[in-house]
Amino acid sequence: MHQVTIKGTGQRFPVGKIICLGRNYLDHIRELGNQVPDRAVIFCKPASSIIPDGGEITIPGYSDDCHHELELALLIGTAGKQIPVAQALQHVAGYGLALDLTLRDLQAELKEKGLPWEIAKGFDTSCPLSDFTPIEQVENPNNIRLVLKVNGEIRQDGNSAQMMRSVEEIITEVSTFYTLEPGDIILTGTPAGVSRIQSGDRLEGEIEQVGSLRVSVA
Ligand code: MG
């Protein structure tokens, strides 16, 4: 069973659902040539996809195009369903960093056939995840900088202010489809700059006020 920790509190949560938003940053939608969605694009990763800070990514042999996507992660601390925007943050226990690793070649093939692309997103090691920072320590989750470096070079440099849906709106929308439970994690989408990673790469994510995440590719 995978667990996540809230820094400085010793509080631990067994991980439930990992719910991910696609297409939440306009510049990333444009770089992939996707349509702007009316409704949030939502998919899930299994908890077995998690690796901790310092872990190692294994790119499956059936893909030759694994992309990094740095994302702000929300840890749900209090259960809720159909949560109003004004109360959304009361359900969050902390903020963390996640990589939503994506097998872009397999995803493109499945998308073209109109099939679900979960297997391009949920493979083992596809969700490097940091420890969580208590919610009180982040002033405004809708205005923080996200930077991802590969081998010391900046590839993604965005700000959560560029999200089409705010953290509160994401929680409201997701909770219309799924009951949120303590230990659930929401990945809020990625800014532009996604690119291919390969064996030996060192990835280093930083999110302002939240923390950092370092992983490498086997
Ligand atoms: Mg993503």
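Both ligands and their constituent atoms are indexed starting at 1 by order of listing. This chain uses plain numbering: 1 for the first residue, then up along the sequence. The structure displayed is predicted, hence computed values, not measured ones.
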Take atom CZ in Arg202; do more than 12 heavy atoms of anything else shown fall under 6.0 Å from it?
no

Identity of the N, O or S atom of Glu69 lying closest to the Mg ion (ligand 1)
OE1

Atom nearest to the Mg ion (ligand 1) - Asp100, N, O or S atoms considered:
OD2

Between Arg104 and Glu69 (salt bridge meaning N to carboxylate O under 4.0 Å), is one present in this structure?
yes

Identity of the N, O or S atom of Glu71 lying closest to the Mg ion (ligand 1):
OE2

Just wondering, are more than 12 heavy atoms of other shown residues or ligands nearer than 6.0 Å to CZ in Arg145?
no

Do Lys7 and Thr133 meet the criterion of a side-chain donor-acceptor pair at a distance under 3.5 Å?
yes

